[in-house]
Amino acid sequence: MNINFSHRQSAHCESGVTANLLNHYGLECSEALVFGIGGGLFFAYAPFIRLNFLPLTTFRTAPGSIFKKAGKRLGITTRQQRFKNPVAAEQELDRLLANGCPVGAQTGVFWLPYFPPAYRFHFNGHNLVVIGKERDEYLISDPIFEQPVRCASADLRQARFAKGALAPQGRIYYIESLPGNIDLSQAIISGIKDVCRVMLSTPVPVAGVRGINFLARRIVKWPARLGEKRTLQHLGHIVRMQEEIGTGGGGFRFIYAAFLQEAAALTHNAALLPLSQRCTVIGDNWREFALLAARVCKGRAKLVPTVADLAQRLEELAVAEKSLYQDLQSAIAGYSIKGRE
Amino acid sequence: MGMNPLPSRKLVMKKEDVPQHGGLTAGCREVNYAVDADGNYSLELSVGWEAKNATLRQAWEAIVERLHLVLEEINAGHKSPLAYHMVKNQMDVSLLAQYSGFARWRVRRHLKPQVFKRLRSAVLTVYADLFRISIAQLQQVPDQPDLCIEDMSSSGTPL
């Protein structure tokens with residue numbers, strides 16, 4: 001029982017999964033569009049949350065929120081379930097598949113055997129679509145990979161019930177029905193407003209543009225506080241969070257620039273085009289930041305003077321991002337009330 | 001519209017600039033976003049970027065280093081072989097407790113060599129199944145860390 005599902009590879013797992021599910025039900029949309037409507041862009045440096053013993057730096061919103069928000073903004077009826085019992089979780093998945101429904105699932109990367117070993121860390125926010133089952137094997141459309149993959153049911157069960165931070169608890173989600181009439185422009189505007197709001201006015205200093213400045217202030221203190229070796233590990237961790245599989249490069253800034261480009265055409269708002277280009281430049285500057293940090297990690301650049309340079313680049317990025325979101329707000333200001341129920 | 005205060009140190013991410021530095025990904029290609037000659041965004045496949053490979057390698061080197069340390073402790077008789085398999089699977093006591101279902105204080109006890117030696121096979125089976133090895137493998141450790149990550153050594157790509 002395999003569902004005829006068109007697999008498209010994408011950069012980011014959750015927006016790719018959401019876009020592929022929407023396409024399956026006849027709503028043509030790209031990964032970037034879903035990422036933007038779901039308000040996926042973010043920044044936070046949260047040293048009190050640890051991932052592999054290192055502080056969390058994130059460039060996107062929490063796992064699950066893109067699917068939820070994109071669904072809500074497009075007026076789509078979605079459903080999600082969590083389970084206590086792995087057997088019940090598997091039965092429900094099989095029942096949905098038997099009904100011809102492709103099912104999104106949150107999983108832990110560590111337990112997925114088809115991942116290259118070098119990528120298998122305890123990260124529990126990975127999303128994929130289960131599209132079929134043959135005997136004891138699931139057929140999976142994992143948007144990170146070029147082709148659909150197979151996975152033994154025991155492995156998928158383990159991955160769905162991975163433990164630790166962001167434990168998926170067998171979470172599955174799927175689309176129940178699409179409305180007859182979808183207002184894409186309205187969804188796009190809400191998505192942009194959401195990103196501007198969290199990036200400019202999140203009340204905690206670790207998130208949004210203030211989070212970038214916070215990280216800049218912390219980075220310069222690392223060599224004295226942590227010693228050279230730990231500092232290098234901390235820097236490397238930021239680069240991995242920014243460039244790891246699933247970001248599309250530049251900490252999601254390139255995906256967002258692609259979204260703004262599409263949004264300009266779909267909402268007939270030419271003011272978004274130069275903003276898309278600025279977002280690309282911001283992405284390039286994040287790449288340069290990562291390149292310099294990686295050079296330090298590899299011993300190609302001296303730690304102490306370079307850390308100050310890295311902090312300065314972050315401060316510049318904070319200024320550039322702040323002005324981008326402010327200009328985005330004014331570019332969409334005219335649309336803000338139209339069509340709100 | 002405000003001016004973009006970022007100095008444009010180089011041109012924007014172009015299709016032909018998408019890095020193709022192999023290594024670590026075992027031949028998997030991933031999607032990168034880049035602009036074509038007309039300034040339109042498109043999806044490009046990349047086999048990797050050295051900045052990323054370098055930091056990924058760094059993360060594995062940290063794990064290998066922890067494995068060396070834990071092997072020393074085991075050989076000195078301070079820790080049980082369970083400690084090695086825990087670190088190899090990137091777990092700490094808290095995560096291992098969640099996966100095994102044992103309380104943290106019990107996991108901590110099982111990390112002591114004297115306690116581990118006398119564990120019942122029912123307890124050993126839980127750990128062995130979790131790590132997907134046999135009980136015999138669980139009870140021993142290699143001389144050198146045995147992580148099977150391909151191409152851990154630095155590739156020749158300049159950075």
Side-chain angles (χ1 to χ4, degrees), chain A residues 9-11 32 52-53 110 116-119 121-122 144-146 163-164 167 232-233 235-237 239-240 243-246 248-250 254-255 257-258 261-262 271 274-278 280-285 287-288 290-291 293-295 297-298 300 316-317 319-320 323-324 326-327 330, chain B residues 1-13 17-19 23-35 39-43 45-46 49-60 62-63 89-92 94-99 130 147-152 154 158-159:
Chain A
Q9 192 185 10
S10 54
N52 291 313
F53 315 106
F110 187 80
Y119 284 112
F121 289 96
H122 288 285
I144 296 301
F145 291 85
E146 289 181 62
K163 303 284 201 293
L232 295 186
Q233 287 179 358
L235 285 176
H237 192 63
V239 175
R240 280 202 308 286
E243 297 296 332
E244 193 62 275
I245 263 192
F254 292 136
I255 296 191
Q261 195 170 57
E262 263 192 74
L275 296 174
S276 161
Q277 283 161 9
R278 272 167 58 186
T280 305
V281 175
I282 288 172
D284 281 323
N285 278 270
R287 296 278 282 198
E288 298 243 315
L291 191 62
R295 282 178 60 88
C297 293
K298 242 184 153 179
R300 299 280 164 81
E316 287 170 8
L317 275 162
V319 173
S323 93
L324 174 73
Q326 284 168 342
D327 292 344
S330 35
Chain B
M1 294 282 144
M3 282 293 292
N4 179 21
L6 279 179
S8 41
R9 292 190 179 89
K10 67 162 208 209
L11 290 169
V12 294
M13 173 61 86
D17 294 338
V18 170
L24 289 170
T25 53
C28 288
R29 295 187 298 173
E30 61 174 294
V31 168
N32 268 31
Y33 277 72
V35 291
N40 292 319
Y41 261 96
S42 65
L43 277 63
L45 285 171
S46 160
W49 185 34
E50 185 49 25
K52 186 162 116 170
N53 295 346
T55 51
L56 191 54
R57 237 176 251 124
Q58 180 198 27
W60 283 107
I63 294 171
N89 285 275
Q90 303 167 38
M91 295 184 188
D92 55 11
S94 148
L95 193 57
L96 183 53
Q98 288 183 55
Y99 271 116
L130 173 64
L147 274 176
C148 43
I149 305 297
E150 279 174 63
D151 196 22
M152 267 291 287
S154 176
L159 192 64

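Values below: every heavy atom of this structure, side chains too, minus hydrogens, waters and symmetry copies. Numbered from 1 within each chain, the chains take letters A, B, ... in sequence-line order.
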Any heavy-atom pair between the side chains of [Y] and [X] that's under 4.5 Å?
X        : Y        : answer
A:Ile144 : B:Glu30  : no
A:Tyr119 : B:Leu56  : yes
B:Ile63  : A:Phe121 : yes
B:Gln58  : A:Val239 : no

Original post:
Which bit of A:Gln261 comes within less than 4.5 Å of chain B, counting heavy atoms only: side chain, backbone, both or neither?
Top reply: side chain
Original post:
So what's closer than 4.5 Å to chain B heavy atoms on A:Leu235: side chain, backbone, both or neither?
Top reply: neither
Nearest-0.5 Å distance that lies between atom [atom1] in [X] and atom [atom2] in [Y]:
X        : Y        : atom1 : atom2 : answer
B:Leu130 : A:Lys163 : CG    : NZ    : 9.5 Å
B:Glu50  : A:Lys298 : CD    : NZ    : 3.5 Å
B:Tyr33  : A:Thr280 : OH    : OG1   : 12.5 Å

**OP:** Look at the side chain of A:His237 and the backbone N and O of B:Ala59, then say whether any donor-acceptor pair between them is shorter than 3.5 Å.
**Re:** no
Original post:
Just by distance, do the side chain of A:Gln9 and the backbone of B:Arg29 share a donor-acceptor pair under 3.5 Å?
Top reply: yes
**OP:** Grab the two heavy atoms, one from A:Pro117 and one from B:Trp60, that are nearest each other, plus how far apart they are.
**Re:** O-CZ2, 3.4 Å
**OP:** Quick one: closest heavy-atom pair of B:Asn89 and A:His122, and the distance?
**Re:** O-NE2, 2.7 Å
**OP:** Look at B:Leu43, B:Asp92, B:Thr55 and state which one has the largest set of heavy-atom pairs under 4.5 Å with chain A.
**Re:** B:Thr55
**OP:** Tell me, for B:Leu96 versus chain A, whether the close heavy atoms (under 4.5 Å) come from the side chain, the backbone, both or neither.
**Re:** neither
Original post:
Pick from A:Gly249, A:Gly283, A:Ala257, A:Ala290: which one has the most heavy-atom pairs with chain B under 4.5 Å?
Top reply: A:Ala257
